[in-house]
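Just so we're clear, the structure is a prediction, and the values are computed from it rather than from any experiment. Within every chain, numbering begins at 1; the chains are lettered A, B, ... in the order of the sequence lines, protein sequences first and strands thereafter. Both backbone and side-chain heavy atoms feed into the values below; hydrogens, waters and symmetry mates do not.
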Protein chains: 2
Amino acid sequence: MSRPPTTQQFVLAELRRAILARELLPNQPIRQDSVARGLGVSRVPLREALKILEAEGQVVYRPHRGYTVTELSLTDLLEVYRLRELLESEAASLAVERYGATELERVEQEHRAVIDAAERDDLVEMIAANRRFHFALLEPAGMPRLMRVIRTLWDTTDAYRAVYYNSADNRSRVLDEHEEIVRTARDRDGAELVRLLHAHRQHAVDSLRETVGTDRQAPGQSSGGSAGAETRTEP
Amino acid sequence: MSRPPTTQQFVLAELRRAILARELLPNQPIRQDSVARGLGVSRVPLREALKILEAEGQVVYRPHRGYTVTELSLTDLLEVYRLRELLESEAASLAVERYGATELERVEQEHRAVIDAAERDDLVEMIAANRRFHFALLEPAGMPRLMRVIRTLWDTTDAYRAVYYNSADNRSRVLDEHEEIVRTARDRDGAELVRLLHAHRQHAVDSLRETVGTDRQAPGQSSGGSAGAETRTEP
DNA sequence: CGACTGTATATTGGATCCAACTTTGCGTCG
DNA sequence: CGACGCAAAGTTGGATCCAATATACAGTCG
């Protein structure tokens, strides 16, 4: 188990994990001193890691009042999926044009990794491999900024992905759909690929609607804007 | 001149300005000690500000090697505009549906601000007002995350906007087009609004192609991914 | 003479310390 | 009894200090 070359990166990874594991809850202040001591580090690298999460929208920062995990209402989640729809469709369309032997091999390799993890009932690895699979599909688009935005969107909904993968039905459906996606990728059929990916995402959305249920849009902070807007000088 | 409530925000604003003013150049290490002393602050708030810029892609960070301003090739700039195309079209389509008296009033107010600044030959204010104008147009879409992404895309190309506004021809064209955009907004004609905004952006792109000229894609770092990818554990 | 290695220096990363602000609780006054 | 104001404690923000890493340079060996 190789640990990151720098403490902030270690802390960042730990924070992501803690948010995912619901050890840090929304609307509950993140006490820097306590978290830092818990990880055996000082507050400085913690604060730098929090700044990254702030910029990603994972936590909300208010000057002199500290950080809290971002509360996600159903509305927020639906927005994330709508953005993914838009961006991943674009990425997929561009990517198919560039699929060569190398790219397809990469995709199939990750596909097998997902299957393998599923057979071993290793949910954590299955989720990770699923992510690599999807990025292997989209990355050939050759648009690094686009990929970065997509990445943060995935991060935002990581906590809910775990719920989705808890169901065996969902897991086997994922595998089936991936199979079809791989076939379509081999054929370089862009339109069909976009369609399949859309349907694929849609299942997650449906599951979300059930899981999160009615939109209780807390009157507190909740909705997304957070950091960027907070830090910028103009509305 | 009210200064920000916290030092990091002051430093952040100063860094943005310095990058825009080409006081900090791409591929040239940002010496924290020197910059911090120059601003009369310690390195801590500087580092936090740099982390935000890193997450936005404005600077590149490499552990133990520090930060540099992100180098933008023509390819990178075109990617930014392509993303804006995608995202702002979506935002505009959604926004028109929600235009009410308040929203339109806000748009027209900013429109007048742009005209006013243009008449006073106040380029800085004209650029700022232009930005407020466009965001007033899009904000009613009610998608905070979408707006945030668009905001960072604007930030990325800020340096080049100054060049564009240097030309009196470009400035007067901006005013004319804004006029037409406002009319279309009042009519709530979504399709036409999207079309106008597209043409509006296209002029900036054309200007960019001339300004930046051939793509010299420096073999160094350059291309976009930077922070997010850098900091994440997986590709 | 070139390449490598070891060392010195500069720069970044992290820890500790102090200051500023926010919040909470108590007391007082209306 | 309620609301306002003040004071104390806790938490965040910033500065300084020390450690770790990378870079530059010089010396040495092939």
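When rounded to the nearest whole Å, the span between CZ of R37(B) and C1' of dT11(C) equals 14 Å.
Cation-pi geometry between R16(A) and F10(A) is not met at under 6.0 angstrom from the ring centre and within 45 degrees of the axis. The side-chain tip of R209(B) does not point at the ring of Y164(B) from less than 6.0 angstrom away and within 45° of straight on.
Between H111(B) and I115(B) there is a side-chain heavy-atom pair separated by less than 4.5 Å.
When all heavy atoms of P29(A) and T68(A) are compared, the pair lying nearest together is CA-CG2, 3.8 Å.
In terms of the side-chain hydrogen bond (donor to acceptor under 3.5 Å, both in side chains) criterion, residue partners of E14(B) (sequence neighbours excluded) are, by chain and number, R17(B).
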* To do: Can you check each nucleotide of nucleotides 11-22 of chain D against protein heavy atoms at under 4.0 Å and return B for base, S for sugar-phosphate only, - for none, in 5' to 3' order?
  => SBBBBB----SS
